[in-house]
Colleague: 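Following this message is one structure expressed as structure tokens.
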2 protein chains.
Amino acid sequence: MPETTRRADRLPGTRYGNRPTMKDVAARAGVGLKTVSRVVNGEPGVTPDTERRVQEAIDALGFRRNDSARVLRKGRTASIGLVLEDLADPFYGPLSRAVEEVARAHGALLINGSSAEDPEREQELALALCARRVDGLVVIPAGDDHRYLEPEIRAGVATVFVDRPAGRIDADVVLSDNYGGARGGVAHLIAHGHRRIGFIGDMPRIHTAAERLRGYRAAMEDAGITVEGHWMSLGVTSPDRVRRAAEEMLSGTDPVTAIFTGNNRVTVTVIRVLAEHSRPVALVGFDDIELADLLQPGLTVVAQDSAALGRTAAERLFRQLDGTLVAPERIELPTRLITRGSGELPPAD
Amino acid sequence: MPETTRRADRLPGTRYGNRPTMKDVAARAGVGLKTVSRVVNGEPGVTPDTERRVQEAIDALGFRRNDSARVLRKGRTASIGLVLEDLADPFYGPLSRAVEEVARAHGALLINGSSAEDPEREQELALALCARRVDGLVVIPAGDDHRYLEPEIRAGVATVFVDRPAGRIDADVVLSDNYGGARGGVAHLIAHGHRRIGFIGDMPRIHTAAERLRGYRAAMEDAGITVEGHWMSLGVTSPDRVRRAAEEMLSGTDPVTAIFTGNNRVTVTVIRVLAEHSRPVALVGFDDIELADLLQPGLTVVAQDSAALGRTAAERLFRQLDGTLVAPERIELPTRLITRGSGELPPAD
DNA sequence: CTCGCATCTGACAACGTTGTCCAGGCTCTA
DNA sequence: TAGAGCCTGGACAACGTTGTCAGATGCGAG
């Protein structure tokens, strides 16, 4: 039997631990190779008796189809890639899960990668995923230049950007309404009588941070309030710098009576500062936080729906793959103001 | 030029959107196929001039190596699979991220899948990953019978189970010390004078839940306390059932003065119940929660280090792949009691 | 000037699967 | 009983890459 010989010729212990192939199954069942393929894929044209024999051989050998070979032949991998910032961040867990669910509904697997907010790593990851020939790519940008993806997109890799827009290329983008959300949150504070309102946010080179800052400025301008320079603190991220920034705007001759925080990490630190502060200070944070309702007072937030972001992006991705989609679009999902107490405190001055 | 003809023969629009292959690069650079392969893989034996010509052709065509074909040829995919319960659960985010980091250090990508606590889906996912020929598999079990993985493990798929032990097969397992942690947490309550202590946990068919229950019983027995049946509530998971269970053990003739909660979801609900409760009740929860220190009182927890679980498991996985590892082992990581106030409340009866 | 050696290059097969196509056997009808 | 048509099964090539091996090229030494 030449078949057996060929397998024995192999170096021992190499290659998938010598897994059985369709050829082996065919030999054992005494049928042709293609017949095994037909059974494995549920294709018609196999008599029940043959099918049974093949199935028995499959079970006996513990055969499992090698999807790598299948992919090579068929040209579709039935997998999509997700490049995000940090899976350990509670904001991205639900997003990733939502993408996964949509992928699952389309029979695709999800390959995940964290860029750690490093543009180079984002590129490295995205291109590695392309080399795997993922059918599509959902990217939460870390960098601001995505021209490196142009050849991939031209080659047919469906691509959607989430949370932040793509840089220097035309592509589908799904965003939260950062500007509107921040503007609404600050307006909420103003409506409760505040005029000296602080803003602590991330580096403005990050799109979301810039948009939220813009929202803050717009709300203040709407109310005819001139923003003092020391009310704003931009680009601080580490807890102790946030702490210092908050303490600074809370002291001095012109202390703020309310603070708007630009993301959940900042919010958490500010909550700690305020907990030690004697005078009550109103607070509205961008991004919801688990247990926000159990704090004293409950935390008022501008919440974005990270799962919806992921779902929307993934659905759009698969519509690209269907060919249902033509021109790139920019989708903005609304945010929601959730009042729980901290944002409704009156100014104490 | 026969090369061009062959490609033109293809059906238009199929297969990766007609990406260039090494053959195309070779044709354009006027070199042989294997030379391109050498350049792409940085193999020696190519003159600088040839290398430059090839590199130019690669850039001009936007070529990117097809890893599917590479995998088929080489037999290793440089990717590992992670089957967990729910990526949106804050417990699994850091775990997944830790696995990813270790994978990255070994040049591997991570394919993620959520089982949604459904054994069938776990199996389906794990086998799909095996069909992709992942080099290894990190599984957080949903089911309790993993014999379906035996052929895969025999075929060389490295496998490590995390958080819960594998069912009915001998395999590497990395766990938290659920028993010891719960026992310590309950002992902590007893040390603060409590004797009527409630326990609310998940279904005992889940290993972690059973172990934590066992820890509770052991601590109570250590202190010579007989546990009343209505102090324990097992298998409740939905918020309203937890709520009812908590309210029940807090009322009646023999109300508990302290509660030990078996996981973070339960803890959150119980915190809500206690917030509405007039009499102060001590609380220790299994699993840490973000912002636990900002609650009133701060939440005392038995914390497990989910990142360490993931890291340990992944490292073990790659040591299996190195061949450094022989016999399956069971590793237990310690938990840590973090006191923040809620567990140090004296009994109020 | 020719031979030998080292260096660089390319032809070819193989990885495991699927699509195409044809052969053989069967049934049904005339 | 012979011919037509259908159904099942198998041979073969192709997917894009890498390993093997042999051929070509260039150089120096005799």
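To find a chain, count down the sequence lines: A is the first, B the second, and so on, and within it residues start at 1.
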Colleague: So does B:Ser68 get a side-chain nitrogen or oxygen closer than 4.0 Å to the phosphate oxygens (OP1/OP2) of D:dT17?
Modeller: no
Colleague: With heavy atoms under 4.0 Å as the rule, sort A:Asp67 into base, sugar-phosphate or nothing.
Modeller: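 Nothing: the residue A:Asp67, judged by heavy atoms under 4.0 Å, touches no strand.
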Colleague: Thinking salt bridges, do A:Arg97 and A:Glu101 make one under a 4.0 Å N-O criterion?
Modeller: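 Yes, charged N to carboxylate O under 4.0 Å.
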Colleague: Indicate yes or no: does A:Arg319 engage A:Glu329 in a salt bridge with an N to O separation below 4.0 Å.
Modeller: no
Colleague: Can A:Arg121 and A:Glu85 be counted as an ion pair, charged N to O under 4.0 angstrom?
Modeller: no
Colleague: Nearest heavy atom decides the nucleotide; on that basis, is B:Gly30 or B:Ala69 closer to the 5' end of DNA chain C?
Modeller: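 Nearest-nucleotide comparison on DNA chain C picks B:Gly30.
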Colleague: Check this one for me: any side-chain N or O of A:Arg70 less than 4.0 Å away from OP1 or OP2 of C:dT18?
Modeller: yes
Colleague: Give a yes or no on whether a donor-acceptor pair under 3.5 Å exists between the nucleobase atoms of D:dG19, that is its base, and the side chain of B:Lys34.
Modeller: yes
Colleague: Under 4.0 angstrom, heavy atoms only, what part of the nucleic acid is B:Gly45 near: base, sugar-phosphate, or nothing?
Modeller: base
Colleague: Using a strict cut-off of less than 4.0 Å between a Lys/Arg side-chain nitrogen and an Asp/Glu carboxylate oxygen, indicate whether B:Arg168 and B:Glu150 qualify as a salt bridge.
Modeller: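 Looking at B:Arg168 and B:Glu150, the cut-off is not met.
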Colleague: By nearest heavy atom, map A:Val40 and B:Thr35 onto DNA chain C; which one lands nearer the 5' end?
Modeller: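 Nearest-nucleotide comparison on DNA chain C picks B:Thr35.
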Colleague: Establish whether the base of D:dG19 is bridged to the side chain of B:Arg38 by a donor-acceptor pair shorter than 3.5 Å.
Modeller: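 Side chain to base: no pair present.
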